[in-house]
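Below you'll find the structure, written out as structure tokens, and then a few comments.
In what follows, chains carry the letters A, B, and so on, assigned in the order in which the sequence lines appear, proteins first and then strands, with residues in each chain numbered from 1. Computed from a predicted model, the values in this text were never measured in an experiment.
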Protein chains: 2
Amino acid sequence: MRDLDDTDLRILELLAEDARRPFAAIGETVGLSGPAVSDRVSRLEDAGVIRQFTVDIDRSTLRGGVPVLVEATVPADQVESVRETVAAAEAVEHVFTAADGTLTVFARAPENRVRSWVTELFGDDATDLDVTLVDDVRWTPNVGGGEFALECAECGNTVTAEGTSTRLGGDAYHFCCSSCEARFVDRYERLEEGA
Amino acid sequence: MRDLDDTDLRILELLAEDARRPFAAIGETVGLSGPAVSDRVSRLEDAGVIRQFTVDIDRSTLRGGVPVLVEATVPADQVESVRETVAAAEAVEHVFTAADGTLTVFARAPENRVRSWVTELFGDDATDLDVTLVDDVRWTPNVGGGEFALECAECGNTVTAEGTSTRLGGDAYHFCCSSCEARFVDRYERLEEGA
DNA sequence: CCTGAAAGAATTACGCG
DNA sequence: CGCGTAATTCTTTCAGG
């Protein structure tokens, strides 16, 4: 597909704000006709940029279960399968997979059996589970500009989603590539030995 | 406002799946007319249950910055003000406030200055900051637990969004599938004839 | 909450640069 | 190939019961 341009981004922004805004109105603010906007939105859907049109629901008004954040550590080779299983579970709303394989899950657990529900959810796969009760949830759908990045702890380059991360002595470190990670870990370990 | 009923919840479910589904189509599966669904949706918006209509965007396709999870500890008396500030910031998508006051924030932070961006975001308010690179994000908009699950009037199974509804003698009946509906309607009509 | 009519928006068809 | 205009179709909103 053709690359996204600035107009696509503005359309996404406007839709994120109000997905039911008429295409013609969107077109007016971005300088296109209604059908042209419609075409672009279809393309954005086909390309998978727009996953779906949906509603942001204030779940606190539905009193539907205990909101919890779960931090789970799972063996590296099971991260993907566990992530899929968990994401598919009823009551699970968000799954964030950290580069180091840690899963952060937001869900609404059944009343009175939060602990057992979480334990069942992960089965024997999790080596560590941390459950926190959540008090408030905010969602701000935004497209987000274009200029962001972490610095590689080794070489200072920009870390993209293809980068790597690791935990050393309780802290997380990010790298632009595995060789930077290897060099850094190597030096870290020698420092540890020396100390 | 009048309390939410099962029909409202099913409408929310259907909208969460696809917010552009026509009201008439929603009405067909929940056993209402288009205008009736429209009325309910308006009420749900007024009541604040529906915060907004929006799009779920796959931000990984936008290459728009590095996704990070920030865990922040802030003094108890500042949790609310910090939460508001953070939620309002550009690039912040989610803010989860734990019952113990810990904030978990998902954001896409500015290029080449993630660390400083995060530090600035919280200013002097945070006593502890933990930043982790995120590799994958899943969102499953769902209305919430099985507590509101409807039972199929014919077989007792859980009625999902794929189920059907119909009105018989002024009452609404829900079914897990069309064959259950057919059987139920059939029996209902024979009872009516007999009476 | 329903039905039916009017207003409004999305999609399609087709011509242009 | 993307865009614009105009016709068609579909959806939402409005009136009345």
Side-chain angles (χ1 to χ4, degrees), chain A residues 1-57 143, chain B residues 1-57 61-62 148 150 153 159 161 163-175 181 185 188-189 192:
Chain A
M1 168 194 165
R2 191 203 59 215
D3 269 358
L4 298 181
D5 63 15
D6 217 42
T7 306
D8 290 313
L9 248 38
R10 296 183 59 204
I11 291 173
L12 286 174
E13 253 170 60
L14 291 163
L15 284 176
E17 256 173 41
D18 177 8
R20 301 186 45 149
R21 193 178 317 226
F23 289 166
I26 296 174
E28 206 165 311
T29 89
V30 303
L32 285 176
S33 69
V37 174
S38 176
D39 281 355
R40 280 172 182 257
V41 171
S42 303
R43 256 186 275 131
L44 289 167
E45 286 187 74
D46 292 343
V49 177
I50 294 178
R51 286 214 190 89
Q52 61 177 341
F53 287 79
T54 187
V55 282
D56 180 20
I57 294 169
V143 175
Chain B
M1 167 190 166
R2 191 202 57 217
D3 270 359
L4 299 180
D5 62 14
D6 291 333
T7 306
D8 290 313
L9 289 165
R10 300 192 60 216
I11 291 173
L12 287 174
E13 247 173 65
L14 292 163
L15 285 176
E17 253 173 43
D18 178 5
R20 300 185 43 152
R21 199 181 317 240
F23 290 164
I26 295 174
E28 205 165 313
T29 90
V30 303
L32 286 177
S33 69
V37 174
S38 175
D39 282 354
R40 280 173 182 257
V41 171
S42 303
R43 257 185 276 133
L44 290 168
E45 287 187 75
D46 292 344
V49 177
I50 293 177
R51 287 213 188 90
Q52 62 177 340
F53 287 79
T54 187
V55 281
D56 180 20
I57 294 168
T61 60
L62 299 181
F148 298 104
L150 284 175
V159 176
T164 64
S165 293
T166 193
R167 284 192 162 266
L168 296 169
D171 287 322
Y173 295 93
H174 308 287
F175 307 94
E181 176 179 357
V185 171
Y188 184 92
E189 282 169 353
E192 285 283 78

task: Salt-bridge test for A/D5 and A/R40: reply yes if a basic N is under 4.0 Å from a carboxylate O, no otherwise.
output: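 Yes.
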query: Does a sphere of radius 6.0 Å around CD in B/E45 hold more than 12 heavy atoms from other residues, nucleotides or ligands, not counting ones at 6.0 Å or beyond?
result: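 Buried by this count: over 12 neighbours within 6.0 Å.
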Can you tell me the distance, in whole Å, between the [atom1] atom of [X] and the [atom2] atom of [N]?
| X | N | atom1 | atom2 | answer |
| --- | --- | --- | --- | --- |
| B/E28 | D/dC10 | CD | P | 14 Å |
| A/F53 | C/dA10 | CZ | P | 10 Å |
| B/L32 | C/dC1 | CG | P | 6 Å |
| A/F23 | C/dG8 | CZ | P | 19 Å |
| B/D5 | C/dC1 | CG | C1' | 13 Å |
| A/D39 | C/dT12 | CG | P | 10 Å |
| A/I26 | C/dT11 | CD1 | P | 11 Å |

- prompt: Could you walk me through whether B/V41 and B/F53 pass the side chain to side chain contact (heavy atoms under 4.5 Å, CB included) check?
  reply: CA-CA 11 Å; B/V41 171; B/F53 287 79; 3.9 Å; yes
- prompt: Between A/S38 and C/dA10, does any side-chain N or O lie under 4.0 Å from OP1 or OP2?
  reply: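 For C/dA10, neither OP1 nor OP2 has a side-chain N or O of A/S38 closer than 4.0 Å.
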query: Think A/R40 has a side-chain N or O under 4.0 angstrom from the OP1 or OP2 of D/dC1?
result: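 No, no such contact exists.
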- request: Identify which nucleotide among C/dC1, D/dT12, D/dT13 has an atom closest to any side-chain atom of B/R43, counting heavy atoms from C-beta outward.
  value: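 Per side-chain heavy atoms of B/R43, the pick is C/dC1.
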task: When you get a sec, tell me which of C/dA9, C/dT3, D/dT5 is the closest nucleotide to the side chain of A/P22?
output: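 Nearest to the side-chain atoms of A/P22, counting from C-beta on, is C/dA9.
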query: Can you tell me how far the CD1 atom of A/I57 sits from the CG atom of B/L12, to the nearest 0.5 Å?
result: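 Rounded to the nearest 0.5 Å, the CD1-CG separation comes to 4.5 Å.
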query: Between atom CG of A/L15 and atom CD of A/E13, what is the distance when rounded to the nearest 0.5 Å?
result: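 Output value for this atom pair is 10.5 Å.
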query: Which residue lies toward the 5' end of DNA chain D, A/A36 or A/R20, if each is placed at its nearest nucleotide?
result: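 It is A/A36 whose nearest nucleotide is closer to the 5' end.
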B/A24 vs A/G34, nearer the 5' end of DNA chain D by closest nucleotide: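 Closer to the 5' end of DNA chain D: A/G34.
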Closest non-hydrogen atom pair between B/A16 and A/T54, with its separation: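 That would be O-OG1, 2.6 Å.
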- prompt: How close do A/A25 and A/R21 get, heavy atom to heavy atom, and via which atoms?
  reply: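 Closest approach of A/A25 to A/R21, heavy atoms only: CB-CG, 4.2 Å.
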query: Could you give the angle between the helix axes at the two ends of the helix from C/dC1-D/dG17 to C/dG17-D/dC1, with five pairs per end, rounded to 10 degrees?
result: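 So the angle between the two local helix axes works out to 30°.
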